[in-house]
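So the structure is just underneath, and the comments pick up after that.
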Amino acid sequence: VQQRSTMTRVDRRVLIGSLNDAHAMEARSLTVLRREATDPQQRVDVRARLESHLHETVQHAERLRQALHALGTVPTAVGSHAEPVMVLATDITGRVFSDPLVRKVIAALAAKQFEVAAYTALIAAAEYVGEAEVARLCRLNRGEDEDMAEWLDAQIPITLGHTLGRIVR
Ligand SMILES: [Fe+2]
């Protein structure tokens, strides 16, 4: 792939727009994580993992702020409305799966995979325009979101095991 090393105004607008989208996505998913991580209904190990991902997510938003800073700008203000990917994922899984617990973990996994995909796009965009630092910061976020997606995937059989009474707490 032939890469250009200088950023045009269009490149800059696209990159800044995508970084802002990712920043809003991370900031809004904090609301969901705060609620889930403190929910007494959750198993203790689940709460611990959600808590650690909450700290990672704070870092993700901070890295995106740094990436925007490197481009000479700051994140645009994030509204208080719910994370749209999570809202859609919850709606879709609700139409497909009837078990509420399994449905919830599938929706969480789908939303996390959206985040991973958003970073794949951001990393590619940053690399095309030669913004190595932006790409590096996004790669750190992508790695942790991928780990979280893997953990959520592993939660599906465990959740199902609890639902079917095959795993006793
Ligand atoms: Fe993230």
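Predicted, not measured: the structure shown is a model, and the values here were computed from it. Atoms within each ligand, like the ligands themselves, are counted from 1 in listed order.
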Any chance the side chains of S18 and D21 put a donor and an acceptor closer than 3.5 Å?
no
Of E56, E144, E133, the one forming a salt bridge (charged side-chain N to carboxylate O under 4.0 Å, His left out) with R63 is E144
Could you check whether R35 pairs with D39 (Lys NZ or Arg NE/NH1/NH2 to Asp/Glu carboxylate O, under 4.0 Å)?
no
Calculate, to the nearest 0.5 Å, the distance between atoms CG and NZ belonging to D147 and K112 respectively.
11.0 Å
Salt bridge (charged side-chain N to carboxylate O under 4.0 Å, His left out) test vs E36 passes for just one of R49, K104, R47, R43, namely K104
Have a look at E62 and tell me which of H60, Q59, R65 forms a side-chain hydrogen bond (donor to acceptor under 3.5 Å, both in side chains) with it.
R65
Quick one: give me the number of protein N/O/S atoms under 2.8 Å from the Fe ion (ligand 1).
6
